[in-house]
Amino acid sequence: MTPPLPRVTYSNIADDFSAVHAHLDALLPAVRANLLGQTRPNLIAGREDEDGVRYTASSPINRDWPLGSFFAASSGAVDRAVAAAGAAYPDWSRRPWAERVAALRRAADRIESQKYEIACACLFEVGKSRMEAVGEVEEAIDLIRYYCDEMAANGGYDRPMRRAFAQEATRCVLRPHGVFAVIAPFNFPVALSVAMMSGALLGGNTVVYKPSPMAGLSGRLIVDAFVAAGLPPGAVNLVCGGGEVGQTLGDHPAIAGIAFTGSHAVGMEILRRMAARTYARPVIAEMGGKNPAYVTANADLDAASAGVMRSAFGLSGQKCSAGSTVFVHDAVADDFLARLVDKTTALKVGDPQAPDVFVGPVINRAAADRFERAADSVRQQGRFAAGGEILTGGVYDKGYYVAPAIVADLPADHDLHKEELFLPLLTVRRFGDLAAAIRDGNDVRYGLTAGIYTRDEGELRQFLDTAEAGVLYANRASGATTGAWPGIQTFCGWKGSGVTAKGGLGPWYVPQFMREQSHTVMG
Ligand code: NAD
């Protein structure tokens, strides 16, 4: 039985969690011994399925630690998974919404009962710090409960409309689509998978879920939790594998909708392929970000340097909301940069099993290579104010570790100011005029999050009125652009960061998985 421990969220990560750490000290070795390295088949109609190419995923912390063996589902296996979800659909979709809510609440309870085990799996799988890993599972639990609350607060999205005649009654009802493909990224493998799956299921759809090829372990643990919570066999099916399996699933003719979270390039590809069909199904795509922070002459520089550092380097910069460019007013630029460099060079980079490690590895060789290419470009056209090296020696030789990088003096039109790198690399730009800085910050294809540090009401208003992003923060030391939480900050990607103009974590998420139907009945 897990002792009652304080809840870890992204904004209280700096609190004293010594009791949680003591629990993890004991649990991490047990999880490594018992959960890692096993064969984890796919799950189709409640049965394990090994039809596909077997592959082994290893931990980014240490390549010698296998996370497990998984199966890149064959096209036949994808067919069977879609058919299983189709067979489960009539029963699941016709259940009263309150029954679906009850089942999802049981799934949340189930995940809560395994919260620390799943968090440890996530730590090994993604290389997350302890607190980021526990925070993520806590978020997943809150997400399910919040979406259940929304479903209930809206009476299952079935409401009476006005009457044209006294004898005629009309209702507006939101109804499910059918089988949803759920395709998830590697960086929040638990929270985002659970969010997309619970949105689809609450709406009355059934699911074929493909986690990131790096995240089959947490993927299987989550699906097991849903099944153990009593969801009918076939309501949630798991197929592992990479982009090819994702494409086979997304293209499947019997798929009624796709929920995707991942990169802009893949999201846009999924949309283009959907547009080529005889009729389009909903694609709920949440994509990348290039998230600016602004530090004005009226900022609290302690809060600003702490918040920018945390947003840029938490989870090794691999958050869609990571702050990857900071605009600093000329008057405070030197002071701010000195504080930021101090805080960044004090960060411990290493094996995140250690409680004091803030920056774990990056996800894989490709990410480390991308960092190296970006660093070469910085050396040619700008300079590093901190970090920028691939780390070597000891544990660093076993995984993929880089020194969090602060980059100054790059030309204004450099790609690193504009494109998502998804790594711990922050560019610094100076400004004299806030309006021009916000215009520059907006001048990217993305629009996910943005943050400002100012004690001036007018500057704050200007930012809130003109920043082109779905999630805005001001003066947060816990994160300039990061740290959204279910039911508190809605998380909507504007521009190239999303497609539906409605986000996760908020009241409009679940209805996206349903379609409107009007019922007019003469009495
Ligand atoms: P990715 O786009 O490489 O992969 C995401 C998923 O898509 C994986 O499961 C992958 O196997 C699958 N996939 C790849 N090619 C496919 C194809 N052609 N058809 C169908 N599926 C395909 O992303 P990633 O590297 O796993 O995750 C990082 C990205 O996700 C970043 O861009 C990040 O900003 C974004 N992200 C966005 C949010 C958000 O809420 N907006 C949240 C987290 C991550």
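All values below were derived from every heavy atom in this structure, side-chain atoms included, with hydrogens, water molecules and symmetry-related copies excluded. Atoms within a ligand are numbered from 1 in the order they appear, just like the ligands themselves.
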Practice task
Could you list the atoms of ligand 1 found under 4.0 angstrom from a heavy atom of Ser263?
Solution key: 1 (P), 2 (O), 23 (O), 29 (C), 30 (O), 32 (O)
Handout entry: Which of the ligand 1 atoms, numbered from 1, are nearer than 4.0 Å to a heavy atom of Pro213
Key =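 Ligand 1 atoms under the 4.0 Å threshold to Pro213: 11 (O).
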To check your reading of the model: name the closest protein heavy atom to [atom], its residue, and the distance in Å.
atom: atom 10 (C) of ligand 1; value: Lys210 NZ, 3.7 Å
atom: atom 33 (C) of ligand 1; value: Phe422 CE1, 3.3 Å
atom: atom 34 (O) of ligand 1; value: Glu420 OE2, 2.6 Å
atom: atom 12 (C) of ligand 1; value: Ile183 CG2, 3.7 Å

If hydrogens are left out, which of [options] has an atom nearest to [atom], that is, the closest non-hydrogen atom?
atom: atom 20 (C) of ligand 1; options: Gly250, Ser321, Gly246; value: Gly246
atom: atom 39 (C) of ligand 1; options: Gly241, Cys320, Ser193; value: Cys320
atom: atom 22 (C) of ligand 1; options: Ile270, Asn364, Val266; value: Val266
atom: atom 13 (N) of ligand 1; options: Pro211, Gly243, Ala72; value: Gly243
atom: atom 9 (O) of ligand 1; options: Gly498, Ala366, Ala184; value: Ala184

Handout entry: Any non-hydrogen protein atom less than 4.0 Å away from atom 4 (O) of ligand 1
Key = no
Practice task
Using salt bridge (Lys or Arg N to Asp or Glu O under 4.0 Å) as the criterion, point out the one residue from Arg370, Lys290, Arg445 that pairs with Glu419.
Solution key: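 Among Arg370, Lys290, Arg445, the one meeting salt bridge (Lys or Arg N to Asp or Glu O under 4.0 Å) with Glu419 is Arg445.
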Exercise for the section: Would you confirm whether Tyr209, through its side chain, and Val194, through its main-chain N or O, come within 3.5 Å as a donor-acceptor pair? Expected result: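 No; judged by distance alone, with no hydrogens or angles, the pair does not exist.
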Flag this pair as yes if the NZ/CZ of [X] is under 6.0 angstrom from the six-membered ring centre of [Y] and inside a 45 degree cone about the axis; otherwise no.
X: Arg145; Y: Tyr147; answer: no
X: Arg63; Y: Tyr400; answer: yes
X: Lys210; Y: Phe260; answer: no

Exercise for the section: May I ask you to identify, for Asn187, whether its side chain, its backbone, both or neither come under 4.0 Å of ligand 1 on a heavy-atom basis? Expected result: side chain
Practice task
Report yes or no: does a heavy atom of Phe188 sit under 4.0 Å from some atom of ligand 1?
Solution key: no
Exercise for the section: Report yes or no: does a heavy atom of Gly242 sit under 4.0 Å from some atom of ligand 1? Expected result: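 It does; at least one heavy atom falls under 4.0 Å.
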Handout entry: More than 12 heavy atoms from other groups under 6.0 Å of CZ on Arg277
Key =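 Yes, the 6.0 Å shell around CZ holds more than 12 heavy atoms from other groups.
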